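Some notes on the structure that comes next.
None of the values given here were measured: they were computed from a predicted structure. Order of listing sets the numbers, starting from 1, for every ligand and every atom in it. Nothing fancy with the numbering, it's 1 onward along the sequence.
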Amino acid sequence: MKLKTKDLLTLAELTPREFVGLIDDSINLKKEFKQGGNKPVLKNKTLTMIFQKPSTRTRVSFEVGMYQLGGHAVNLSSNDMQLSRGESVEDTAKTLSRYSNCIMARVYDHKLLETLAEHASIPVINGLSDSFHPCQILADFMTIKEKKKKLKGIKIAWIGDGNNVCNSMIYGAALSGVNMSIATPKGFEPNKDVVKESKKSTNIELTTDPFTASKNADVIVSDTFSSIHNLDKKRLEKFLPKYQVNDKLMKSAKKDAIFLHCLPAKREQEVTSSVIDGPQSVVWDEAENRLHTQKSLLATLIRA
Ligand code: CP
Ligand code: NVA
């Protein structure tokens, strides 16, 4: 499959066909891998990874993904780069384009990614910014498709902070005909423009009541109340105890509802141990699927 876009920064760059195509391709790559390994379609290709923030899953799944497809990844903390001494993002983008075949960056300010993408001649992938986390959503929707055998018509209840992951999930919902009900405290709603745009394609409901969101939900999702860029401890008071995903909230969704969390999780804050370690939780499959979706994305963008 060839994508229209060079870069993946939000998810909104994809057409519905491309989004669903990437998910189906990821499911096939996973099967192929489990049956003995993937073809080395990225032989001699290199990914440059830039991290301004900590990461476990994104860092490892991108590096292992490149390796499993026959390529290689270079990992850079932005502190080790000349960026930290004032070299411009534009010059960094041009330089890295002469060495490698793709850049994946985890940053604070989303605009930095846009500048990188504009000046790099190679694909740029958002590995999380303060505003979006598109790679997470590819893995989440792959997991939903695996468990529920479909996407269209599924209802997701997002409980907690209308953050970067939530913003990309709304785009994912709009691209696949998934309905979302989002329960947040007042003032913690997802990005208004993202909601407005996505409402044209699917049902996106905003509420302050977690039980309104969870009604008839097939999927319950939570994420930390304090993202890497939002570490103010006072935030917690706005979320607890009302927005914690616990057994009572899980019971209020459909009987066969699944629980997703991008991880890392703070147990007993946004989710109880009984839920995240319980029978409805699919968080380890979700974490594994970061690997398969990243491989699909890398192979598609780099070979374009
Ligand atoms: N879900 C996710 O992006 O995890 P990391 O922060 O560990 O990469
Ligand atoms: N919303 C979280 C996601 C971490 C993967 C953050 O930005 O820290």
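- Under the 30°/60° scheme for interplanar angles, the aromatic rings of F19 and F141 are found to stand perpendicular.
- Using a 4.0 Å cut-off between heavy atoms, D161 makes no contact with ligand 2 at all.
- Here is the list of ligand 1 atoms found below 4.0 Å of a heavy atom in C262: 1 (N).
- Closest to atom 2 (C) of ligand 1, if we only count protein heavy atoms, is R290 NH1, 3.3 Å.
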* To do: Mind running side-chain contact (heavy atoms from CB on, under 4.5 Å) on M49 and R59 for me, showing each step along the way?
  => CA-CA 8 Å; M49 308 195 289; R59 154 97 165 77; 4.0 Å; yes
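- Atoms of ligand 1 found under 4.0 Å from any heavy atom of L263 (numbered from 1 in listed order, with element): 1 (N), 2 (C), 4 (O).
- Scanning the protein heavy atoms around atom 7 (O) of ligand 1, the nearest turns out to be T56 N, 2.7 Å.
- Between D223 and ligand 2, a contact under 3.5 Å exists for at least one N or O pair.
- For atom 6 (O) of ligand 1, the closest non-hydrogen atom on the protein side is R106 NH1, 2.8 Å.
- Protein heavy atom in closest approach to atom 2 (C) of ligand 2: S227 OG, 3.3 Å.
- Close approach of ligand 2 to L263 is summarised as follows: ligand atoms under 4.0 Å from at least one heavy atom of the residue are 5 (C).
- Counting heavy atoms from C-beta outward, H133 and T58 have side chains that approach closer than 4.5 Å.
- Side chain of S168 to backbone of T10: a donor-acceptor contact under 3.5 angstrom is found.
- For atom 4 (O) of ligand 1, the nearest non-hydrogen atom of the protein is R57 NE, 2.9 Å.
- Every N/O-N/O distance between T224 and ligand 2 stays at or above 3.5 Å.
- Residue contacts with ligand 1, taken as heavy atom pairs separated by less than 4.0 Å, do not involve L128 at all.
- Annotation: N164 places an N or O atom under 3.5 Å from an N or O atom of ligand 2; distance criterion only.
- Using a 4.0 Å cut-off between heavy atoms, I228 contacts ligand 2 through both its backbone and its side chain.
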